[in-house]
Q: 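Here's a structure for you.
Chain A is the first sequence line, chain B the second, and so forth, proteins listed ahead of strands; every chain is numbered from 1.
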Amino acid sequence: MKINAAGLLFPDWAYKPAWSPGSRQVQLWHFLLELLGRGEGSAIGWGGEWGEFVIRDPERLAKLWGERKGKPHMNYDKLSRALRYYYNKRILHKTKGKRFTYKFNFSKLILVNYPGYPPPGLQVIITSLQLMSKPPVLLLFHFI
DNA sequence: CGCGGAATTT
DNA sequence: AAATTCCGCG
């Protein structure tokens with residue numbers, strides 16, 4: 001498991017792309033969950049259904065994503081292509097009829113008492129818990 | 001917009 | 001493998 005700068009916790013498999021020696025790059029869906037975990041005021045927010053999210057400001061989101069990846073020419077056209085690649089990977093699907101709305105393929109519900117967490121002596125507030133289907137489990141914590 | 005093929009990059 | 005880039009199609 002790995003805790004990123006946003007205080008979110010990702011399992012190791014989430015950082016898998018180790019093809020570039022040592023450069024575990026953040027994946028798009030990590031980034032989305034990170035922003036979603038931050039709550040309001042963002043370019044993206046949770047939607048009505050479980051796992052559903054709405055991109056409120058597509059170009060702004062693309063800009064942020066581009067900054068994260070060092071791709072200054074990123075735009076929504078390209079970002080959305082990446083999102084569509086997630087369809088076959090069973091990570092996301094489109095909420096048809098709802099503009100800029102996608103949905104994570106979360107399955108069941110959760111393991112609040114995940115072994116080893118929170119680390120001893122660390123105060124933690126669990127603000128969101130998600131379960132990915134990719135295969136496994138993703139726990140999102142907010143540390144304070 | 002949203003989709004997915006194809007070539008290319010990281 | 002996971003995008004990024006480009007693009008024709010409905």
Q: Roughly how many Å is it from NE2 in A:H93 to P in B:dG2, rounded to a whole number?
A: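 Distance check: A:H93 NE2 to B:dG2 P gives 14 Å.
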
Q: Any side-chain heavy-atom pair from A:L83 and A:I55 closer than 4.5 angstrom?
A: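 In short, these two side chains touch, coming nearer than 4.5 Å.
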
Q: Applying side-chain hydrogen bond (donor to acceptor under 3.5 Å, both in side chains), can you list everything that pairs with A:Y76, at least two apart in sequence or on another chain?
A: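 Result, side-chain hydrogen bond (donor to acceptor under 3.5 Å, both in side chains) vs A:Y76: A:Y102.
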
Q: A:N75: which residues meet the side-chain contact (heavy atoms from CB on, under 4.5 Å) condition with it, sequence neighbours left out?
A: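 For A:N75 the side-chain contact (heavy atoms from CB on, under 4.5 Å) partners, ignoring immediate neighbours, are A:E59, A:D77, A:K78.
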
Q: Take atom CG of A:L92 and atom P of C:dA2, then tell me their distance rounded to the nearest Å.
A: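 My rounded result for the distance is 13 Å.
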
Q: Using salt bridge (charged side-chain N to carboxylate O under 4.0 Å, His left out) as the criterion, list what pairs up with A:K98, not counting sequence neighbours.
A: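 Result, salt bridge (charged side-chain N to carboxylate O under 4.0 Å, His left out) vs A:K98: A:E52.
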
Q: Determine, for nucleotides 3-10 of chain C in 5'-to-3' order, which nucleotides have protein heavy atoms under 4.0 Å from the base (write B), from only the sugar-phosphate (write S), or from neither (write -).
A: SBB-B---

Q: Find the distance A:Y87:OH to C:dA2:C1' and express it as a whole number of Å.
A: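 A:Y87 atom OH is separated from C:dA2 atom C1' by 16 Å.
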
Q: Among residues at least two apart in sequence or on other chains, which ones pass salt bridge (charged side-chain N to carboxylate O under 4.0 Å, His left out) with A:E67?
A: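 With neighbours one apart ignored, the set is A:K63.
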
Q: Send over the distance from A:K96 NZ to B:dG2 P, rounded to a whole Å.
A: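 Rounded to the whole Å, the gap is 13 Å.
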
Q: State which residues pass side-chain hydrogen bond (donor to acceptor under 3.5 Å, both in side chains) with A:R81; sequence neighbours excluded, sorted by chain then number.
A: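 Counting only residues at least two positions away or on another chain, A:R81 forms a side-chain hydrogen bond (donor to acceptor under 3.5 Å, both in side chains) with A:Y85.
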
